[in-house]
Novice: 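Provided herewith is a single structure, encoded as structure tokens, for subsequent inquiry.
By convention in this document, chain letters (A, B, ...) are assigned in the order of the sequence lines, proteins followed by strands, and residues within each chain are numbered from 1. What you see is a predicted model, and the numbers here were worked out from it, not measured in a lab.
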There are 2 protein chains.
Amino acid sequence: MARILQMPSTPTATTAPQDVLREEAATFDVLRRMREDILCCVLKPDQRLRFGELRQRYDTSVGTLREALSHLVSEGLARTEAGRGFTVASISLADFLDLSELRVWLETRTLADAIRHGTDAWEAEIVGSYFLLNKLGAPRQDDPVGVKREWGKRHKRFHDALVATCTSPWSLHYRSELFDQARRYHWLTMIHARSRRKNEHLDLRDAVLARDSDKACALIESHIRTTVAQAASEVPGLTMDAAPSARRRKA
Amino acid sequence: MARILQMPSTPTATTAPQDVLREEAATFDVLRRMREDILCCVLKPDQRLRFGELRQRYDTSVGTLREALSHLVSEGLARTEAGRGFTVASISLADFLDLSELRVWLETRTLADAIRHGTDAWEAEIVGSYFLLNKLGAPRQDDPVGVKREWGKRHKRFHDALVATCTSPWSLHYRSELFDQARRYHWLTMIHARSRRKNEHLDLRDAVLARDSDKACALIESHIRTTVAQAASEVPGLTMDAAPSARRRKA
DNA sequence: AGTTTCGAAACTTTCGAAACTTTCGAAAAA
DNA sequence: TTTTTCGAAAGTTTCGAAAGTTTCGAAACT
């Protein structure tokens, strides 16, 4: 179970201020970079992940790569077959639908609980992270990749902040994993979508800060569902079938 | 995302009949054995996992162990701190409660969907796996470890069979992970519990085969809740606090 | 022409050792 | 007596190379 956002805790301050970030050093760093690359489709769905190329790209050894890849497999961002190496996980509309249904439940559940246990520090982080998200504005199709990536980061930070005070570690853990899964589809939507959406995050923020649990949950539910619908209609090639991979049998 | 029970599929029969089981060979085998050892508390909660001992126990290299341990961390069965190696995940009543709340929802959700999409092969596997579970009978405190382990296997097989035709891969995946988590607490209950329970699995089986979704869901919900209550009252030392690990600060 | 067999090339998996970090205990200083 | 410092031992992390598979194409055979 990966570390969850560690928000209103006193920093331990043993060696350096950002000591927390050091975690696992090399391996952890490679893992994070690979995850980001899969999420942003730099490594494309169903792409074969050969050790030769990866070693060059991330400047590390086979063993370290294996460990990172192994992690990605458990997270559902990659798959592996015995003796055939690793592959980026497929995407499909069916998967996004399935994913999103679970998300609706987990997001509303964690959000309601977080609101129930909200603190001043929690409110502050929501205000702060919303500010950062809003300052950047929703990225357009023709914005540079760097801007889109930064928006992705801030978007995640805002949504993490909303549920930070939820008291169920398991719910938070799975919520986080599924949020990352959804980010792959969000990325595709950002690339292709033409329609613009109103600023749903502002309403969400205000409902949460007003501790209006029902309204906040309804908003986040429609937030998720709208995104699915948008992806389904505007991302080309996102079909119900999983992959164009060559697993045919002869008739 | 790990492989899910692959039930009504035709065997591919390329080399051997059990070719499917070979998956990942060495690493996968070590992973499975370690997981089983953690689930059955052979490796105890909060126990330090040193490479020296593990290498001897599983007769494998450091690299392979690291990969397996890495997997266990993502599954929440172990934890790791930078530079300080791996540790078996803690247990606590709080964790079991949290876990079980999520399980209630996931089990009922997957079960209802599985019933909706049930096939003949699905019914057959339910009948078969129930037969195996029932033949062994609920293990008593003084049964040998081997019997308890076998019961654990058959118990899991039965519950997997119930939900096998569920159409949501993500729900099935998380259901499976949480079921394994719960197995650690089940094991402790088996060791310590004095009270006997009626055969809840028979009622469950019949309700499912009769396609009575509401009744089946109600049964599985109380099945889970009863187990939690039993563990809370009969397993000594299962407190709300996480671990007796030495993370004290000076006052 | 179509199918099968064989062998080399490419890639994955596994391993043990080298480099580095943490922990623990003994000796020196307060 | 208590605290601090230092160094050795134990343990973890990273790496590159050896061993083992799979894949693909060319030659041999039907």
Side-chain angles (χ1 to χ4, degrees), chain A residues 12-16 18-34 43 46-74 78-88 245-251, chain B residues 3 12-16 18-34 43 46-74 78-88 245-248 250-251:
Chain A
T12 36
T14 42
T15 52
Q18 286 112 326
D19 192 42
V20 183
L21 287 179
R22 212 167 52 77
E23 293 212 32
E24 289 283 310
T27 299
F28 196 75
D29 189 57
V30 171
L31 171 61
R32 187 170 40 214
R33 280 165 56 197
M34 286 193 65
L43 302 172
D46 296 304
Q47 178 180 335
R48 187 81 180 279
L49 295 168
R50 290 190 205 75
F51 284 94
E53 301 169 25
L54 293 174
R55 263 194 77 197
Q56 213 174 319
R57 182 179 241 284
Y58 298 103
D59 187 38
T60 187
S61 74
V62 184
T64 304
L65 275 174
R66 255 192 103 74
E67 198 177 324
L69 283 165
S70 185
H71 246 282
L72 289 171
V73 170
S74 336
R79 82 192 111 90
T80 176
E81 268 172 292
R84 257 172 248 188
F86 296 80
T87 310
V88 178
S245 69
R247 355 168 174 132
R248 299 273 141 151
R249 304 271 167 86
K250 51 180 167 182
Chain B
R3 298 299 164 290
T12 37
T14 42
T15 51
Q18 287 110 327
D19 192 43
V20 182
L21 286 178
R22 212 167 53 77
E23 292 211 33
E24 289 282 308
T27 299
F28 196 76
D29 190 56
V30 171
L31 171 61
R32 187 168 42 213
R33 282 165 57 199
M34 286 193 66
L43 301 173
D46 295 305
Q47 179 181 332
R48 188 77 182 280
L49 296 167
R50 290 187 205 78
F51 285 95
E53 300 168 25
L54 293 174
R55 263 193 76 196
Q56 215 173 317
R57 182 178 239 284
Y58 299 103
D59 187 38
T60 187
S61 74
V62 183
T64 305
L65 275 174
R66 254 190 104 72
E67 198 177 324
L69 283 165
S70 184
H71 246 282
L72 289 171
V73 169
S74 334
R79 85 192 108 91
T80 177
E81 268 172 292
R84 258 172 246 189
F86 295 82
T87 311
V88 177
S245 68
R247 355 170 174 132
R248 299 274 141 149
K250 51 180 167 181

Novice: In this structure, how many angstroms lie between the P atom of C:dA9 and the CZ atom of A:Phe51, rounded?
Specialist: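 My rounded result for the distance is 23 Å.
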Novice: When you measure from the side-chain N and O atoms of B:Arg66 to the phosphate of D:dT12, is any distance below 4.0 Å, counting only OP1 and OP2?
Specialist: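 Checking D:dT12 against B:Arg66, no side-chain N or O comes under 4.0 Å of OP1 or OP2.
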Novice: Measuring from the side chain of A:Arg50 (C-beta onward, heavy atoms only), which nucleotide among C:dT22, C:dT12, C:dC15 has the closest atom?
Specialist: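 Minimum distance to the A:Arg50 side chain belongs to C:dT12.
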Novice: Is the closest side-chain heavy-atom distance between B:Val30 and B:Glu67 below 4.5 Å?
Specialist: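 Contact flag for B:Val30/B:Glu67 side chains = no.
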Novice: Please report, rounded to the nearest Å, how far the C1' atom of C:dC24 is from the CZ atom of B:Arg48.
Specialist: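 Whole-Å distance recorded here is 13 Å.
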Novice: To the nearest angstrom, how far is A:Leu69 atom CG from C:dT14 atom P?
Specialist: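 Computing the A:Leu69:CG to C:dT14:P distance gives 14 Å.
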Novice: Figure out the CG/P separation between A:Leu65 and D:dG16, and round it to whole Å.
Specialist: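 That distance rounds to 12 Å.
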Novice: Could you go through the side chain to side chain contact (heavy atoms under 4.5 Å, CB included) check for A:Thr87 and A:Glu81 one step at a time?
Specialist: CA-CA 9 Å; A:Thr87 310; A:Glu81 268 172 292; over 6 Å; no
Novice: With Watson-Crick and G-U wobble geometry limited to distances under 3.5 Å, how should the secondary structure of DNA chain D be encoded in dot-bracket form, using | for bases paired to another strand and [ ] for crossing pairs?
Specialist: ||||||||||||||||||||||||||||||
Novice: So, OP1 or OP2 of D:dT23: does either fall under 4.0 Å of a side-chain N or O from A:Arg84?
Specialist: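 For A:Arg84, the contact criterion (side-chain N or O under 4.0 Å from OP1 or OP2 of D:dT23) is met.
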Novice: State whether B:Thr27 places a side-chain N or O below 4.0 Å from either non-bridging phosphate oxygen (OP1 or OP2) of C:dT13.
Specialist: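 False: B:Thr27 side-chain N/O out of range (4.0 Å or more) of C:dT13 OP1/OP2.
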Novice: Let me know the distance between CG of B:Asp59 and P of C:dT14, rounded to the nearest Å.
Specialist: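 It works out to 13 Å between those atoms.
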Novice: Rounded to whole angstroms, how far apart are CG on A:Asp29 and P on D:dT13?
Specialist: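 About 15 Å, once rounded to whole Å.
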Novice: Tell me the interatomic distance from B:Glu53, atom CD, to D:dG11, atom P, rounded to whole angstroms.
Specialist: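 One finds 8 Å between P of D:dG11 and CD of B:Glu53, rounded.
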Novice: Checking side chain to side chain donor-acceptor pair (under 3.5 Å) between A:Glu53 and each of A:Gln56, A:Arg57, A:Arg50, which is the one that passes?
Specialist: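 The residue from A:Gln56, A:Arg57, A:Arg50 that satisfies side chain to side chain donor-acceptor pair (under 3.5 Å) with A:Glu53 turns out to be A:Arg50.
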Novice: Please determine whether a side-chain nitrogen or oxygen atom of B:Thr60 lies at a distance below 4.0 Å from atom OP1 or OP2 of C:dC15.
Specialist: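 So the side chain of B:Thr60 is within the cut-off, an N or O lying under 4.0 Å from OP1 or OP2 of C:dC15.
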Novice: Check A:Arg79 with A:Asp46, please: is the shortest side-chain N to carboxylate O separation under 4.0 Å?
Specialist: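 Here A:Asp46 pairs with A:Arg79 in a salt bridge, since their nearest N and O are under 4.0 Å apart.
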Novice: Given 3.5 Å as the limit, does a donor-acceptor pair link the side chain of B:Thr80 with the main chain of B:Gly85, or not?
Specialist: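 Flag set: sc B:Thr80 to bb B:Gly85 pair under 3.5 Å.
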Novice: Less than 4.5 Å apart, any side-chain heavy atom of B:Phe51 and any of B:Leu69?
Specialist: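 The answer is yes; the side chains approach within 4.5 Å.
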Novice: To check you understand the geometry: which heavy-atom pair defines the closest contact between A:Thr27 and B:Arg66, and what is its length?
Specialist: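 Heavy atoms only, the tightest pair is OG1-NH2, 4.4 Å.
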Novice: Taking atom P of D:dT14 as reference, at what distance in whole Å does atom CZ of A:Arg55 sit?
Specialist: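 Rounding to the nearest Å, CZ of A:Arg55 and P of D:dT14 are 15 Å apart.
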